[in-house]
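Just so you know, these numbers come straight off a predicted model, no measurement behind them.
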Amino acid sequence: RDANLDEKIERAFGPEGLGLCIVKNVPNYVEKREKLLPLGSKLANLPKEDLDKITFEDIQYSLGWSHGKEKFKGREDFSKGSFYGNAHLEDQIPKHDNPEVKKDIDYWPSALPELKLAFKDLG
């Protein structure tokens, strides 16, 4: 591991840090970002039935689609939706309510197949 990087992460996220890191010099970042970001709107506008297929309450919405599940000022927040994925390690599924249950989760929307490629490409 790079000790210098560890120090930078500690400074950024430590007690006196701002809680953010800046990542620079990502090859083809602008093109990849321009490809991914418009898909967010397409995702949010998929039919409810398609979004329900990628909504996973039993893993606390930590993968796939989440809308109106978070609270803002004590009320369900329907002003935004979130998509959570893992660009590199699809086999690392968050802890399930019941650790004895093994569950295969396909959180990529079949109605928007280009999302998976664009997400992973930028990730």
(message) Who clusters with Leu18? Use side-chain heavy atoms, under 4.5 angstrom, across I, L, V, M, F, W and Y, and order the result by chain and number.
(response) Leu20, Ile22

Suppose we screen for side chain to side chain contact (heavy atoms under 4.5 Å, CB included). Which residues come up paired with [X], at least two apart in sequence or across chains?
| X | value |
| --- | --- |
| Glu10 | Pro15 |
| Ala111 | Leu46, Asp50 |
| Thr55 | Tyr61, Trp65 |

(message) If we ignore hydrogens and angles and just use 3.5 Å, is the side chain of His67 paired with the main-chain N or O of Phe78 as donor and acceptor?
(response) yes

(request) Say whether, by atom type as modelled, one donor and one acceptor occur between the side chain of Asn45 and the main chain of Ser41 under 3.5 angstrom. (result) yes

(message) Hydrophobic clustering (ILVMFWY, side-chain heavy atoms < 4.5 Å, transitive) - are Tyr84 and Leu115 grouped together?
(response) no

(message) For residues 30-40, which residue pairs pass the side chain to side chain donor-acceptor pair (under 3.5 Å) check, not counting sequence neighbours?
(response) Tyr29-Arg33

(message) Please list all pairs meeting side chain to side chain donor-acceptor pair (under 3.5 Å) that have one or both residues in residues 19-28, counting only residues at least two apart or in different chains.
(response) none

(request) Please identify each residue that fulfils ring pair (Phe, Tyr, Trp, His ring centres under 6.0 Å) with Phe119, with sequence neighbours left out. (result) Phe83, Trp108

(request) Rounded to the nearest 0.5 Å, what's the gap from CZ on Phe72 to OG on Ser79? Could you check? (result) 7.5 Å

(message) Is it true that, when you exclude Lys42 itself, more than 12 heavy atoms of the residues, nucleotides or ligands shown sit nearer than 6.0 Å to its NZ?
(response) no

(request) Could you check Leu51 against Leu43 for side-chain contact (heavy atoms from CB on, under 4.5 Å), going step by step and ending with a plain yes or no? (result) CA-CA 8 Å; Leu51 294 171; Leu43 174 67; 4.0 Å; yes

(message) Once salt bridge (charged side-chain N to carboxylate O under 4.0 Å, His left out) is applied, do any residues pair with Lys73, and if so which ones, sequence neighbours excluded?
(response) none

